[in-house]
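Have a look at the structure below, then the notes.
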Amino acid sequence: MKYIYCTIMLLAFFACKTDNESQAVAATSKENSAQQVLTEFDAFYQQFHADSTFQKSRILFPLQGIPSNADSATLRNRGFRWQADEWVVQHELAPDSDFKSTILPVDSALVIEQIMHQSGDYAMERRFAKLNGEWMLIYYAGINRVRK
């Protein structure tokens, strides 16, 4: 009986260890993949803000989103689109800005950028997708008050 009990305990120990090792390998792989996406995306992001012609060529117009200072009727409608002829070129945030940008890679073809005011009262969001091998801005929510 002791032999069976010891065998079961050893099997359980090794099974748990293997499962933990698998989880660690999967987490490391996911981290490496996210880092690779961010490295590739960063080159696009820099050029997107530095070159206005490039920026307009990498926006999927009419661009889905939310206008700045949207009212509740606009938010309910969800039919708003940014038009190319009304687009105001966007620049990278200045280092001393009151806003902070957080870039979140969702997967290898989707990155979400959240831009939040330091007060936490106002925010913007941009979504970028890799389409046909090129990063494109596919969604932009202008600056709006954040619900608390």
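- The backbone N or O of A123 sits nowhere less than 3.5 Å from a side-chain atom of Q114 that would complete a donor-acceptor pair.
- By the criterion of side-chain heavy atoms lying less than 4.5 angstrom apart, applied directly or through intervening Ile, Leu, Val, Met, Phe, Trp or Tyr residues, V106 is grouped together with L131 in one hydrophobic cluster.
- Residues I138 and L63 approach most closely at C-CD1, 3.1 Å, considering heavy atoms.
- Although no hydrogens or angles enter the test, the distance criterion places no donor-acceptor pair under 3.5 Å between the side chain of D98 and the main chain of Q118.
- Inter-residue side-chain proximity for L137 and R126 is flagged as met; some heavy-atom pair is nearer than 4.5 Å.
- The distance from the OG1 atom of T102 to the CD1 atom of I112 is 12.0 Å, given to the nearest 0.5 Å.
- Looking at F128 and Y139, their side chains never come closer than 4.5 Å, going by heavy atoms from C-beta outward.
- Using a 4.5 Å heavy-atom cutoff, the side chains of L104 and V111 are not in contact.
- Side-chain contact between E92 and Y45: present, with at least one pair of heavy atoms (C-beta onward) separated by less than 4.5 Å.
- In this structure, S68 contributes its side chain and I143 its backbone to a donor-acceptor pair below 3.5 Å.
- Taking the six-membered ring for Trp and thresholds of 30 and 60 degrees, W82 and Y140 have ring planes inclined between 30 and 60 degrees apart.
- Nearest heavy-atom pair across Q83 and R81 is NE2-O, 3.5 Å.
- Contact between N144 and P67 at its shortest, heavy atoms only, is ND2-O, 2.9 Å.
- The environment of CG in D85 is crowded: more than 12 heavy-atom neighbours from other residues, nucleotides or ligands sit within 6.0 Å.
- Using a 4.5 Å heavy-atom cutoff, the side chains of E125 and E113 are not in contact.
- Heavy-atom contacts from other residues, nucleotides or ligands closer than 6.0 Å to NZ of K100 number 12 or fewer.
- Both the sub-6.0 Å distance and the 45° axial angle are not jointly satisfied by R58 relative to the ring of F48.
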**Item:** side chain to side chain donor-acceptor pair (under 3.5 Å) between Q55 and D51, worked out
**Value:** CA-CA 6 Å; Q55 184 175 120; D51 182 341; over 6 Å; no
**Message:** salt bridge (charged side-chain N to carboxylate O under 4.0 Å, His left out), that's the test. Do K130 and E40 meet it? Break it down for me.
**Reply:** CA-CA 11 Å; K130 195 169 192 181; E40 178 188 316; 2.3 Å; yes
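- Looking at every heavy atom in both residues, M136 comes nearest to S57 through CE-O, 3.9 Å.
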